[in-house]
Amino acid sequence: MNSTVDSTQPLVSIIISCYNHQDYITTCIESIMQQTYNNIELIVIDDGSSDNSAEILEQLSAKYHFSFEQQANMGLTKTLNKAIKKAKGKYIAPLGSDDYLMLDKTEKQVKFLESHPDIAVVGGNILCINDEGQIKAKQRITPYREIDFKAVFLTPKQIPAAPTVMIRADVLQEVGGFNIDCNLEDLDLWLRITYAGHKIAVLNDILAYYREHQSNSYKNYQFMTESLLQIYDNYRKEPEYLDVKNQVLLRMFLKVSKKDRSYAWKIFKQISPKYYNWKLIRGLFHLTLPYKK
């Protein structure tokens, strides 16, 4: 990694599952190579890319001497779990292959976790960028917070941004890593970690760049709706479960009403009349308007 390795510092394992990100992977890898922290192992697995990602990673691995493996496509969560099994670090930091890090991210987070043994996961803020790497005009920077299960369950917007997280390896092992049957792996993991009694901290610092483009899963509203309902169904015995489920349906109904009339009606039928509110009325209004192409 860096020219000087300080083995007296805790080892951090940064893990990447790459799939068809040939235009972004070099920037991602080089942001790790340039970290100010001096005890990092990088584990990269190309998950069956059909572009030139694997060839680029092969060259980068020869240059920077990190662990690289190419495989047939297995999917994100299975690939991340495979990387976790290979990792030797005290702390594990998953990173999307189209995102990249602020240069002091690792140093700040190790310092924080070493001084806060009660925190299992630490994240931070992001800067959103477009395909070309240009910083978007509107950014959401949030203050420091610590969140438990109820906070994640009731207000998922409080969870840390995915590219910024660092997790204690023993906690990841305790909860069994990523859920291979879940499509929204981050939210599911934070719920399981906090449900087990651990806390998550989110620093005020900006720690990574997050790339927004057409393949981001959050833009697929049917996928998002069904995945969220699947995750929350695991906690249906919680007293707030029906509140949370219907708030998800209302939120997604409003969004989908602007895009997909047929699927919006499917969501509408699942909303309990007890929870009808102005979001539902606004969504119904959108359904009366012609869609913009």
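We're numbering straight along the sequence, starting at 1. Owing to the predicted nature of the structure, the values given are computational and were not obtained by experimental measurement.
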inquiry  = Would you compute the distance between atom CD of Gln22 and atom OG of Ser49 and round it to the nearest 0.5 angstrom?
reply    = 9.0 Å

Heavy-atom check, side chain of Val165 versus side chain of Gln109, under 4.5 Å = no

Beyond-backbone contact of His286 with Leu254, side-chain heavy atoms, under 4.5 angstrom = yes

Donor-acceptor under 3.5 Å (Asn81 side chain, Gly177 main chain) = no

query = Can you check side chain to side chain donor-acceptor pair (under 3.5 Å) on Gln222 and Glu226, steps first, answer last?
reply = CA-CA 6 Å; Gln222 183 168 344; Glu226 293 174 0; 3.2 Å; yes

query = If you round to the nearest 0.5 Å, how far is OG of Ser13 from NZ of Lys86?
reply = 11.0 Å

Identify all side-chain donor-acceptor contacts of residues 142-157 below 3.5 Å with residues at least two apart in sequence or on another chain.
residue: Thr142; atom: OG1; partner: Asn125; partner atom: OD1; Å: 3.1
residue: Thr142; atom: OG1; partner: Arg145; partner atom: NH1; Å: 2.7
residue: Tyr144; atom: OH; partner: Glu146; partner atom: OE2; Å: 2.5
residue: Arg145; atom: NE; partner: Gln158; partner atom: O; Å: 3.0
residue: Arg145; atom: NH1; partner: Pro143; partner atom: O; Å: 3.3
residue: Arg145; atom: NH2; partner: Gln158; partner atom: O; Å: 2.9
residue: Glu146; atom: OE1; partner: Lys199; partner atom: NZ; Å: 3.1
residue: Asp148; atom: OD1; partner: Lys150; partner atom: N; Å: 3.4
residue: Asp148; atom: OD1; partner: Ala151; partner atom: N; Å: 3.1
residue: Lys150; atom: NZ; partner: Glu238; partner atom: OE1; Å: 3.0
residue: Lys150; atom: NZ; partner: Glu240; partner atom: OE1; Å: 2.9
residue: Lys150; atom: NZ; partner: Glu240; partner atom: OE2; Å: 3.2
residue: Thr155; atom: OG1; partner: Ala151; partner atom: O; Å: 2.7
residue: Thr155; atom: OG1; partner: Gln158; partner atom: NE2; Å: 2.6

Enumerate donor-acceptor pairs with a distance under 3.5 Å from any side-chain N or O in residues 263-270 to protein atoms, sequence neighbours excluded.
residue: Gln270; atom: NE2; partner: Lys266; partner atom: O; Å: 3.3

query = Between the main-chain N or O of Glu55 and the side-chain N or O of Asn52, is there a donor-acceptor pair closer than 3.5 Å?
reply = no

ask   = So, the side chain of Asn179 versus the backbone of Asp181: is there a donor-acceptor pair under 3.5 Å, distance only?
value = yes

ask   = So, does Asp233 use its side chain to make a donor-acceptor pair with the main chain of Leu229 at under 3.5 Å?
value = no

task = Sequence neighbours left out, what passes side chain to side chain contact (heavy atoms under 4.5 Å, CB included) with Ser97? Give chain and number order.
result = Ile16, Cys18, His21, Ile25

Ile45 and Leu80, any side-chain heavy atoms less than 4.5 Å apart = no

query = Honestly curious: do Val44 and Tyr24 fall in one hydrophobic cluster under the side-chain, below-4.5 Å linking rule?
reply = no

task = Dump the intermediate steps for side chain to side chain donor-acceptor pair (under 3.5 Å) on Thr36 and Glu107, then the final yes or no.
result = CA-CA 6 Å; Thr36 58; Glu107 181 179 2; 2.5 Å; yes

message = Quick check on the hydrophobic clustering: are Leu57 and Ile40 connected, directly or via other members, by side-chain heavy-atom contacts under 4.5 Å?
response = yes

task = Check the pair Tyr100 / Tyr209 against ring pair (Phe, Tyr, Trp, His ring centres under 6.0 Å), numbers first and verdict last.
result = CA-CA 5 Å; Tyr100 60 102; Tyr209 293 88; 4.4 Å; yes

message = Does any part of the side chain of Tyr221, heavy atoms only, come nearer than 4.5 Å to the side chain of Asp260, both counted from C-beta?
response = no

message = Please determine whether side chain to side chain donor-acceptor pair (under 3.5 Å) holds for the pair Asp46 and Tyr19, giving the CA-CA distance in whole Å, both sets of side-chain angles, and the decisive distance to 0.1 Å.
response = CA-CA 6 Å; Asp46 182 82; Tyr19 181 72; over 6 Å; no

note = Separation between CD1 (Ile271) and NZ (Lys245), nearest 0.5 Å, reads 10.5 Å

key: For Asp47, side-chain hydrogen bond (donor to acceptor under 3.5 Å, both in side chains) partners two or more places apart   = Gln71, Asn73, Thr79

Set of residues satisfying side chain to side chain contact (heavy atoms under 4.5 Å, CB included) with respect to Asp99, sequence neighbours excluded = Leu95, Pro163, Tyr210, Arg211

Donor-acceptor under 3.5 Å (Asn220 side chain, Phe223 main chain) = yes

message = Using a 3.5 Å distance criterion without hydrogens, assess whether the side chain of Ser115 forms a donor-acceptor pair with backbone atoms of Lys111.
response = yes

ask   = When hydrophobic residues are tied together by side-chain contacts of less than 4.5 Å, even through go-betweens, does Leu228 share a cluster with Leu189?
value = yes

remark   = Contacts of Glu185 meeting side chain to side chain contact (heavy atoms under 4.5 Å, CB included) (sequence neighbours excluded), chain-then-number -> Leu76, Thr77, Phe178

request  = May I ask whether Trp190 and Tyr235 are part of the same hydrophobic cluster, defined by side-chain heavy atoms of I, L, V, M, F, W, Y residues being less than 4.5 angstrom apart, directly or through others?
outcome  = yes

request  = Measure the spacing between OH of Tyr241 and CG of Asn246 and express it to the nearest 0.5 Å.
outcome  = 9.0 Å

key: Residue pair Gln134 / Ile129, side-chain heavy-atom distance below 4.5 Å   = no

Side-chain donor/acceptor of Thr288 to backbone N/O of Phe285, under 3.5 Å = yes

query = What are the two closest non-hydrogen atoms of Val175 and Arg192, and how far apart are they?
reply = O-NH1, 2.7 Å

task = Decide whether Ile231 and Leu242 are clustered together by the hydrophobic rule: side chain heavy atoms of Ile, Leu, Val, Met, Phe, Trp, Tyr closer than 4.5 Å, transitively.
result = yes

message = Would you say NZ of Lys108 has more than 12 non-hydrogen atoms from neighbouring residues, nucleotides or ligands within 6.0 angstrom?
response = yes

inquiry  = Any side-chain to backbone donor/acceptor pair from Ser257 onto Leu284? Under 3.5 Å, distance only.
reply    = no

request  = May I ask you to decide whether Glu114 forms a salt bridge with Lys90, counting only side-chain N to carboxylate O separations under 4.0 Å?
outcome  = yes

remark   = Interatomic distance, CD1@Ile32 vs OG1@Thr27, rounded to 0.5 Å, equals 11.0 Å

Residue list, ring-ring contact (aromatic ring centres under 6.0 Å, His included) with Phe68, at least two apart or on another chain = none

note = Applying ring-ring contact (aromatic ring centres under 6.0 Å, His included) to Phe112 and not counting sequence neighbours gives His116

request  = Using salt bridge (Lys or Arg N to Asp or Glu O under 4.0 Å) as the criterion, list what pairs up with Asp23, not counting sequence neighbours.
outcome  = none

request  = Tell me, please, which residues at least two apart from Gln9 pass side chain to side chain contact (heavy atoms under 4.5 Å, CB included).
outcome  = Asp6, Tyr37, Asn38, Asn39

Contacts of Tyr91 that satisfy ring-ring contact (aromatic ring centres under 6.0 Å, His included) - sequence neighbours left out = none

task = Indicate yes or no: at least one non-hydrogen side-chain atom of Val202 is less than 4.5 angstrom from one of Val122.
result = no

inquiry  = If you define the side chain from C-beta out and look only at heavy atoms, does anything of Leu187 sit under 4.5 Å from Leu191?
reply    = yes

ask   = Mind checking what makes side-chain hydrogen bond (donor to acceptor under 3.5 Å, both in side chains) contact with Tyr232, not counting sequence neighbours?
value = none

ask   = For Gly123, does its backbone N or O pair with a side-chain atom of Thr164 as donor and acceptor, under 3.5 Å?
value = no

ask   = Got a second to check how far Ile14's CD1 is from Lys105's NZ, nearest 0.5 Å?
value = 6.5 Å

ask   = Taking C-beta and beyond as the side chain, do Leu280 and Phe253 meet within less than 4.5 Å on heavy atoms?
value = yes

